[in-house]
Amino acid sequence: VFSLPAKKLWKIVSDCATYKDHLPRIVASKLVSREGEIHVCEVKIGVPFPLSDMTGVTRAVHTETEKAMSRRWKLEKGDYEFNEGSWEVSALEESKSLVVYKLHARPKARVPAWMRQSAQKKALIELFERVGKEAAKLP
């Protein structure tokens with residue numbers, strides 16, 4: 001739960017072209033195409049040595065109402081066996097919002113379980129902190 005309007009949070013999580021500027025560990029991002037609610041995005045995630053950065057192209061469907069917004073994606077191609085998930089942003093009050101992030105992904109590269117688990121826990125906290133910080137900067 002964030003003490004921010006849903007529309008501000010949505011601006012951050014819905015715009016894949018600016019992920020590199022607003023989300024942690026993203027070293028490159030771009031909107032490949034957009035047709036209505038369908039957004040095709042290419043995102044490169046920086047990964048610690050000795051692993052290589054991972055790139056994925058996803059097709060996302062955006063759904064927006066006055067009180068709730070969602071971005072649901074699936075992998076089209078990239079450095080993953082699968083990568084699908086969603087951002088869901090719901091207005092609770094005028095200046096409070098619920099944000100739910102879901103991700104189910106497996107990189108093609110082999111990553112030791114201890115490294116993956118440690119990175120996932122740290123990355124999730126960092127992700128939510130950064131989303132809130134970046135959304136708070138918006139007018």
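- Residues in residues 28-47 take part in no salt bridge (Lys or Arg N to Asp or Glu O under 4.0 Å) pair, two or more places apart or across chains.
- A search for side chain to side chain donor-acceptor pair (under 3.5 Å) contacts involving T18 returns D15, not counting sequence neighbours.
- Not a single side chain to side chain donor-acceptor pair (under 3.5 Å) links D79 to another residue, sequence neighbours left out.
- Side chain of T58 to backbone of L75: no donor-acceptor contact under 3.5 angstrom is found.
- Legend: residues meeting ring-ring contact (aromatic ring centres under 6.0 Å, His included) with H39, ordered by chain and number and at least two apart, are H62.
- A side chain to side chain contact (heavy atoms under 4.5 Å, CB included) with L4 holds for exactly one of I12, L9, V131; it is L9.
- In this structure, the side chain of Y19 engages the main chain of V13 through a donor-acceptor pair within 3.5 Å.
- Residue F2 is grouped with residue L124 when hydrophobic side chains (ILVMFWY) are merged at heavy-atom distances under 4.5 angstrom, including chains of intermediate members.
- Here L98 is tied into one hydrophobic group with V1, L92, V100, each link being a pair of ILVMFWY side chains closer than 4.5 Å.
- Using modelled atom types, no side-chain atom of S86 and backbone atom of R72 make a donor-acceptor pair closer than 3.5 Å.
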Using a 3.5 Å cut-off and no angle test, enumerate the donor-acceptor pairs between side-chain atoms of residues 20-27 and protein atoms at least two apart in sequence or in another chain.
from	atom 1	to	atom 2	distance (Å)
K20	NZ	A17	O	3.2
H22	ND1	E134	OE1	2.8
R25	NH1	E126	OE1	2.7
R25	NH2	E126	OE1	3.4

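- Contacts of E84 classified as salt bridge (charged side-chain N to carboxylate O under 4.0 Å, His left out), with partners at least two apart in sequence or in another chain: none.
- Side-chain contact between S90 and M69 is absent, with no heavy-atom pair separated by less than 4.5 Å.
- Here F128 pairs with nothing under the ring-ring contact (aromatic ring centres under 6.0 Å, His included) rule; sequence neighbours left out.
- Hydrophobic clustering, defined by side-chain heavy atoms of Ile, Leu, Val, Met, Phe, Trp and Tyr closer than 4.5 Å, leaves L31 isolated from every other such residue.
- If you chain together hydrophobic residues whose side chains sit under 4.5 Å apart, F82 and W87 never meet in one group.
- Legend: salt bridge (Lys or Arg N to Asp or Glu O under 4.0 Å) pairs involving residues 97-107, not counting sequence neighbours, sorted by first then second residue: E81-R106, E88-K102.
- Within the 4.5 Å cutoff, the side chain of V61 has no heavy atoms near those of the W73 side chain.
- For the side-chain hydrogen bond (donor to acceptor under 3.5 Å, both in side chains) condition, the pairs that include at least one residue of residues 4-13, sequence neighbours left out, are W10-E64.
- Under the side chain to side chain contact (heavy atoms under 4.5 Å, CB included) criterion, E76 pairs with V40, V57, R59, sequence neighbours left out.
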